Trainee: 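Questions regarding the structure given below will be posed in turn.
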Protein chains: 2
Amino acid sequence: MRARVEQDAKGRRQVVEACLEPCAIEKGMRIIGGKWTGSILWHLKDGPVRFNDLSRMIGGASKKMITERLRQLESQGLVRREVLDTAPVSVQYEITDFGATALGFLNELRLWSEGLPQSMVRDE
Amino acid sequence: MRARVEQDAKGRRQVVEACLEPCAIEKGMRIIGGKWTGSILWHLKDGPVRFNDLSRMIGGASKKMITERLRQLESQGLVRREVLDTAPVSVQYEITDFGATALGFLNELRLWSEGLPQSMVRDE
DNA sequence: CAGAATCCAACCGGATACTG
DNA sequence: CAGTATCCGGTTGGATTCTG
């Protein structure tokens with residue numbers, strides 16, 4: 001449901017169907033748009049990955065961040081956490097079927113992003 | 001270019017092809033993943049919209065935010081700003097051809113987001 | 001290995017008031 | 001109308017240290 005602007009009989013402009021609070025785009029972004037969230041999900045697409053491997057894959061993110069985002073993704077049902085009884089203990093993270101439904105979008109974003117002009121590469 | 005984990009001849013695990021700093025997913029997110037950014041772009045998809053209309057469409061965002069994001073989108077070439085010489089002055093924002101290349105995955109995000117279970121609707 | 005705990009500066013972003 | 005300016009509390013997220 002999108003917002004629209006129309007004119008009434010007297011020519012006054014007004015917004016019809018205002019986006020009632022966060023529209024779909026915004027809601028989605030709040031779920032997978034968080035810092036590192038998309039990357040984490042993406043790196044799980046080929047199968048389970050262990051914590052430290054994951055944090056190495058995602059250069060620039062601290063373990064603290066990885067943990068926080070993983071917990072969030074887990075509580076939302078996008079990712080599953082599994083403890084393996086090895087010594088020392090190791091933990092696997094795996095994308096769920098539900099989480100996988102976001103991969104299509106992420107892939108499109110990736111393609112778009114890779115085609116971007118150099119000039120847009122974030123300095124930071 | 002994705003990161004991969006492999007095992008060497010001695011069975012030790014190691015990360016091959018680590019994501020050199022922000023991978024494509026992350027870079028993309030930094031551009032259109034900002035708060036309100038996606039929504040703004042999306043609401044421009046059907047043609048030029050004026051500032052106040054835009055801010056009404058995007059419920060919950062302050063004018064300050066809208067302005068900041070628009071400036072950012074403009075400097076990145078995703079949006080074009082045009083001042084109309086009316087009285088009082090009015091300003092139009094329009095998506096550029098380049099900006100429009102992002103509409104594809106924004107739409108996917110929208111579809112994904114709309115299909116989400118109620119339980120995931122952010123309380124905030 | 002896989003975190004949890006703590007600290008803290010930086011930034012974010014809403015509210016409010018003002019302007020040409 | 002389309003912003004700008006200022007204030008300011010809250011959150012973010014990196015660095016670092018510690019643990020079972």
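A, B, ... follow the sequence lines: proteins, then strands. Residue 1 opens every chain. The structure displayed is predicted, hence computed values, not measured ones. All heavy atoms count here, side chains included; hydrogens, waters and symmetry mates do not.
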Trainee: According to the interplanar angle, ranging from 0 to 90°, do the rings of B:Trp112 and A:Phe98 count as parallel (below 30°), tilted (30 to 60°) or perpendicular (above 60°)?
Mentor: parallel

Trainee: Indicate whether OP1 or OP2 belonging to C:dA2 is found under 4.0 Å from a side-chain N or O atom of A:Arg81.
Mentor: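 For C:dA2, OP1/OP2 do not have a side-chain N/O of A:Arg81 under 4.0 Å.
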
Trainee: According to a strict under-4.0 Å criterion, is A:Arg56 in side-chain N/O contact with OP1 or OP2 of C:dA2?
Mentor: no

Trainee: With a cut-off of less than 4.0 Å, is there a side-chain N or O of B:Lys35 near OP1 or OP2 of C:dG14?
Mentor: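 So the side chain of B:Lys35 is within the cut-off, an N or O lying under 4.0 Å from OP1 or OP2 of C:dG14.
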
Trainee: On DNA chain D, check which nucleotide each of A:Val89 and A:Lys64 is closest to and give me the residue with the more 5' one.
Mentor: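 In this pair, the answer is A:Lys64.
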
Trainee: For the side chain of B:Ser62, starting at C-beta, report the closest nucleotide among C:dA2, C:dG14, D:dA2.
Mentor: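 Looking only at heavy atoms from C-beta outward on B:Ser62, the closest nucleotide is C:dG14.
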
Trainee: Between atom CZ in B:Arg71 and atom P in D:dA2, what is the gap in whole Å?
Mentor: 12 Å

Trainee: Round to the nearest Å and state the distance from B:Ile40 atom CD1 to D:dG3 atom C1'.
Mentor: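 Interatomic distance, CD1 of B:Ile40 to C1' of D:dG3: 14 Å.
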
Trainee: Less than 4.5 Å apart, side chain to side chain, heavy atoms only: is that true for B:Lys35 and B:Met65?
Mentor: no

Trainee: Which whole-number value in Å describes the distance from B:Met65 CE to C:dA15 C1'?
Mentor: 12 Å

Trainee: State yes or no: do B:Val89 and B:Val49 share one hydrophobic cluster built from I, L, V, M, F, W and Y residues joined by side-chain heavy-atom distances below 4.5 Å, directly or via other members?
Mentor: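 Per the 4.5 Å side-chain linkage, B:Val89 and B:Val49 are co-clustered.
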
Trainee: State, yes or no, whether a side-chain contact exists between B:Phe105 and A:Asn107 at a heavy-atom distance under 4.5 Å.
Mentor: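 Counting from C-beta outward, B:Phe105 and A:Asn107 never come under 4.5 Å.
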
Trainee: Could you pick out which residue, B:Phe51 or A:Glu68, lies toward the 5' side of DNA chain D when each is mapped onto its nearest nucleotide?
Mentor: B:Phe51

Trainee: How long is the line joining CZ of B:Arg50 and P of D:dG3, in whole Å?
Mentor: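 Interatomic distance, CZ of B:Arg50 to P of D:dG3: 11 Å.
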
Trainee: Starting from C1' on C:dG3, measure out to CG on A:Asn52 and report it in whole angstrom.
Mentor: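 Those two atoms, CG and C1', are 9 Å apart.
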
Trainee: On DNA chain C, compare the nucleotides closest to A:Tyr93 and B:Arg69; which residue's is nearer the 5' end?
Mentor: A:Tyr93

